[in-house]
There are 2 protein chains.
Amino acid sequence: MADGAQTHNTILVEAAKLFASEGYSAVSMRDVANKVGVTPANLYYHFTDKDTLVRETLVHALSERAGALDTIFSEARQPAERIGAFVTWLTHLLFEDEVFARLVFRELLDGDEGRIAYLATTIFERPFLQLIDATAGERRLDARLTAASIVALILGHVQIAVALPYLQGSEPGHVDPETVGRHIASLIERVLQPPA
Amino acid sequence: MADGAQTHNTILVEAAKLFASEGYSAVSMRDVANKVGVTPANLYYHFTDKDTLVRETLVHALSERAGALDTIFSEARQPAERIGAFVTWLTHLLFEDEVFARLVFRELLDGDEGRIAYLATTIFERPFLQLIDATAGERRLDARLTAASIVALILGHVQIAVALPYLQGSEPGHVDPETVGRHIASLIERVLQPPA
DNA sequence: GTCTATACCTCGATAGAC
DNA sequence: GTCTATCGAGGTATAGAC
């Protein structure tokens, strides 16, 4: 199983998958060890205890994905274009990267103060400020609430996607990132266009 | 601790609180027993095993709340008014009834097929069909996606409410059901108003 | 850095008295 | 209907050989 730095990283990656799919308390150190292909004792060489493993797994998984956020907004564009790019990016990321999406949802549900603060500043703060800036043109809406609504809309669609197939007359397109992303973009366009 | 029917109900209520706040696998039968004030063995008199307790707790908690849904839509109104009433109702319910909100989020995250199907038909189906009906007037949008968006927007706002206080310049109003509800209603109004 | 072996605890669940 | 007592499995974590 190669050298230590390798194992350390493999543990973080496999633990992220397990924690995302089962939840922290449902996954034992034995589970992680089995998946990685080492013994439980080895996990305690790399991480002092389970709580530390959970936290470092989270930091590793989130910071890995948050990097791409920079490039989304880095190119100077019109506000509307910037919003569209963000919507497309986040929708695809959450629909297609199930590990990331589920870790985010778990943190929002079960994270303690420190972990939610970390999540907020690492993932949400940058796009949130950009969205506030981009929606500030519409004076009759609270820009912060509107920015929150854009993020909420995307998160909510991902969240309810698992339930939609059980409703009457459901179609696969309702849980397809491309379709949902375009729909969200068109809703935002309507909200932000100057009223008649 | 009174007669059996009473205890049975108390268990369901206290278990709902514990499961909502900690998650199913993080709560032991001993935890539930302690909170109720009985012994673990007694729980097994009322429920055959933990999984059964979890399922019956969920059914009890959801069906209890879903009843109010009928009255929201029962009075014949204009589509716009019906949407407004639904938004106000669901926003307040989710922001103010933390046990219900967290149980719903947990099911969406960790429920198996049967439980998500139950959640979908018990909670989501009725308002969903009503919303489709009420938004069908806007021909240039997919009514089902738009209905999903309304639910998604509300769920998403509740979901990210815990993170908003950690973002720069946050205000208490952003996690207040009244303020958020009105904001959502005004967004929907803009989307559904006939374009210029 | 990884293992074997194990201590100690908490878990879900049951038997049987009251 | 509720209790005491207990079993076996599986949980976190550590000691010490390699």
Side-chain angles (χ1 to χ4, degrees), chain A residues 1-61 103 106-107 109-112 114-115, chain B residues 1-61 103 106-107 109-112 114-115:
Chain A
M1 273 293 133
D3 64 302
Q6 261 294 7
T7 300
H8 192 94
N9 198 70
T10 306
I11 292 170
L12 289 176
V13 171
E14 297 303 321
K17 294 180 197 166
L18 281 175
F19 289 146
S21 84
E22 313 283 339
Y24 307 112
S25 58
V27 174
S28 70
M29 296 297 266
R30 291 193 223 266
D31 292 335
V32 176
N34 283 341
K35 182 130 181 184
V36 174
V38 295
T39 58
N42 195 317
L43 261 49
Y44 288 91
Y45 170 78
H46 290 283
F47 305 91
T48 60
D49 57 18
K50 188 184 178 182
D51 192 65
T52 303
L53 173 59
V54 168
R55 284 168 198 272
E56 293 196 16
T57 297
L58 177 74
V59 169
H60 182 259
L103 287 178
R106 286 200 191 286
E107 284 309 295
L109 204 50
D110 289 322
D112 60 30
R115 271 155 63 173
Chain B
M1 271 294 133
D3 66 304
Q6 261 293 6
T7 301
H8 192 93
N9 198 70
T10 307
I11 293 170
L12 289 175
V13 172
E14 297 303 320
K17 294 180 198 167
L18 282 174
F19 289 147
S21 85
E22 314 283 337
Y24 307 111
S25 59
V27 175
S28 69
M29 295 297 266
R30 285 171 167 84
D31 292 335
V32 177
N34 284 341
K35 183 131 180 182
V36 174
V38 296
T39 58
N42 196 331
L43 262 48
Y44 287 92
Y45 170 79
H46 290 283
F47 305 91
T48 60
D49 56 18
K50 186 183 179 181
D51 192 66
T52 303
L53 172 59
V54 168
R55 285 170 198 271
E56 294 197 16
T57 297
L58 178 73
V59 170
H60 181 259
L103 287 178
R106 287 199 191 287
E107 284 310 295
L109 203 50
D110 288 323
D112 59 31
R115 272 156 62 174

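Here is how names work: the chains are called A, B, and so on, in the same order as the sequence lines, proteins then strands, and each is numbered from 1.
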Check your understanding: Using 30° and 60° as the class limits, which term best fits the ring planes of A:H8 and A:H46: parallel, tilted or perpendicular?
Key -> perpendicular
Check your understanding: Would a 4.5 Å heavy-atom cut-off, applied to side chains only, mark B:H60 and B:V13 as touching?
Key -> yes
Study note, to complete from the structure: 5' to 3', nucleotides 4-18 of chain D under a 4.0 Å protein heavy-atom cut-off (B base, S sugar-phosphate only, - none) gives B------BBBBB---
Review point. Rounding to a whole Å, what distance do you find between A:L43:CG and C:dT4:P?
Key: 14 Å
**Study point:** Atom-to-atom span, CD1 of A:I11 to P of C:dG1 - whole angstrom
**Key:** 11 Å
Check your understanding: Can we say A:D49 and A:R55 salt-bridge, meaning some charged N sits less than 4.0 Å from an Asp/Glu carboxylate O?
Key -> no
Review point. Taking atom types as modelled, is there a side-chain donor on B:N42 or B:T39 under 3.5 Å from an acceptor on the other?
Key: no
Practice item. Using only side-chain N and O atoms of B:T7, determine if any of them is under 4.0 Å from OP1 or OP2 of D:dG1. Key: no
Point to revise | Whole-Å gap separating P (D:dG1) and NE2 (B:H46) | key: 7 Å
Check your understanding: In whole angstroms, how far is the P atom of C:dT10 from the CG atom of B:N34?
Key -> 12 Å
Review point. D:dT2 phosphate, OP1 or OP2: any side-chain N/O from B:Y45 under 4.0 angstrom?
Key: no
Practice item. Under the side-chain hydrogen bond (donor to acceptor under 3.5 Å, both in side chains) rule, collect the residues that match up with A:N34, sequence neighbours excluded. Key: none
Practice item. Could you tell me whether the side chain of B:V32 reaches within less than 4.5 Å of the side chain of B:F47, counting heavy atoms only? Key: no
Review point. Between A:H8 (NE2) and C:dT2 (P), how many Å, whole number?
Key: 11 Å
